[in-house]
Amino acid sequence: NAGVTQTPKFQVLKTGQSMTLQCAQDMNHNSMYWYRQDPGMGLRLIYYSASEGTTDKGEVPNGYNVSRLNKREFSLRLESAAPSQTSVYFCATLRQGSDEQYFGPGTRLTVT
Amino acid sequence: EDQVTQSPEALRLQEGESSSLNCSYTVSGLRGLFWYRQDPGKGPEFLFTLYSAGEEKEKERLKATLTKKESFLHITAPKPEDSATYLCAVNYGGATNKLIFGTGTLLAVQP
């Protein structure tokens, strides 16, 4: 039972490159979230998915797209990376019937 | 506008020296206030949820309390393993459980 897994752990991109951050969970949770964490800014919600095939914007969605093709996986895509997207990205899930979010270990992304 | 402010930004304690962390919030209709612990290089780990003024929850050396404008995380007789960043968040999304986080308090407990 791995919980929430994220790949890759680290990534360096050049400005303008694209990439997809992957998140997978084996807890059968319906809701999934993508956050970014920056020094002095705290965690900020990028996108949210209540269930397979549904997504909704959070506080800071510009420059990102998401995909929830099945219950287990929720991916975050950067189409044209910018230095302002340098951050640590966390995926989280929500256990049904509770308010407790489970976070993955994070992906540290640097855009040069 | 919904907002969460934590203080202090950093706190250094001696082992056994009790203290409190503060989280003040402004939100239109509180649907839950959350405390998380985050260790370096890891994702946040859930500690508590509080829903109404006067509510208290405890876990080992930690106790969270809630008023209409703020929450406190009391740490009694801390140990070095309590060193971490403590994050406060409020639910602004209702059933969707969308959270707004504060910037955290970095706690260092020295032996």
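Lettering of chains follows the sequences in order, A, B, ..., and the numbering in each one begins at 1.
- With sequence neighbours excluded, the residues forming a side chain to side chain contact (heavy atoms under 4.5 Å, CB included) with B:E81 are B:R61, B:K79, listed by chain and number.
- The two atoms that bring B:G43 and A:F90 nearest to each other are CA-CE2, 3.4 Å, heavy atoms only.
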Start with the C-alpha gap between A:L43 and B:L87, add the side-chain angles, then the distance that decides, and say whether side-chain contact (heavy atoms from CB on, under 4.5 Å) holds.
CA-CA 9 Å; A:L43 279 154; B:L87 304 172; 3.8 Å; yes
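- For residues 68-77 of chain B, the set of pairs meeting the salt bridge (charged side-chain N to carboxylate O under 4.0 Å, His left out) definition, not counting sequence neighbours, is empty.
- When the side chains of ILVMFWY residues are joined at heavy-atom separations under 4.5 Å, either directly or via intervening members, A:L78 and A:V88 end up in two distinct hydrophobic clusters.
- A single hydrophobic cluster is not seen to contain both B:V4 and B:F72; linkage of ILVMFWY side chains at heavy-atom distances under 4.5 Å, directly or through other members, places them apart.
- Proximity to chain A (any heavy atom under 4.5 Å) is shown, for B:L47, by neither the backbone nor the side chain.
- Cluster annotation: B:F101 and A:M32 are assigned to distinct hydrophobic clusters (Ile/Leu/Val/Met/Phe/Trp/Tyr, side-chain heavy-atom contacts under 4.5 Å, transitive).
- Under the 4.5 Å side-chain contact rule for hydrophobic residues, B:V27 and B:L50 share a cluster.
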All donor-acceptor atom pairs under 3.5 Å, backbone and side chain, chain B-chain A:
residue : atom : partner : partner atom : Å
B:Y36   : OH   : A:Q101  : N            : 3.2
B:Q38   : OE1  : A:Q37   : NE2          : 2.9
B:Q38   : NE2  : A:Q37   : OE1          : 3.1
B:Y51   : OH   : A:D99   : OD2          : 2.2
B:T96   : O    : A:Y33   : OH           : 2.7
B:N97   : O    : A:Q101  : NE2          : 2.9
B:N97   : OD1  : A:Q101  : NE2          : 2.9
B:K98   : NZ   : A:D56   : OD2          : 2.7
B:K98   : NZ   : A:K57   : O            : 3.2

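- Interface remark: A:L94 contributes side-chain atoms only to the contact with chain B (heavy atom separation under 4.5 Å).
- At a threshold of 4.5 Å between side-chain heavy atoms, the hydrophobic network of Ile, Leu, Val, Met, Phe, Trp and Tyr places A:F103 and A:V4 in two separate groups.
- Applying the disulfide bond (SG atoms under 2.5 Å apart) test to residues at least two apart or on different chains, the pairs with a partner in residues 22-101 of chain B are B:C23-B:C88.
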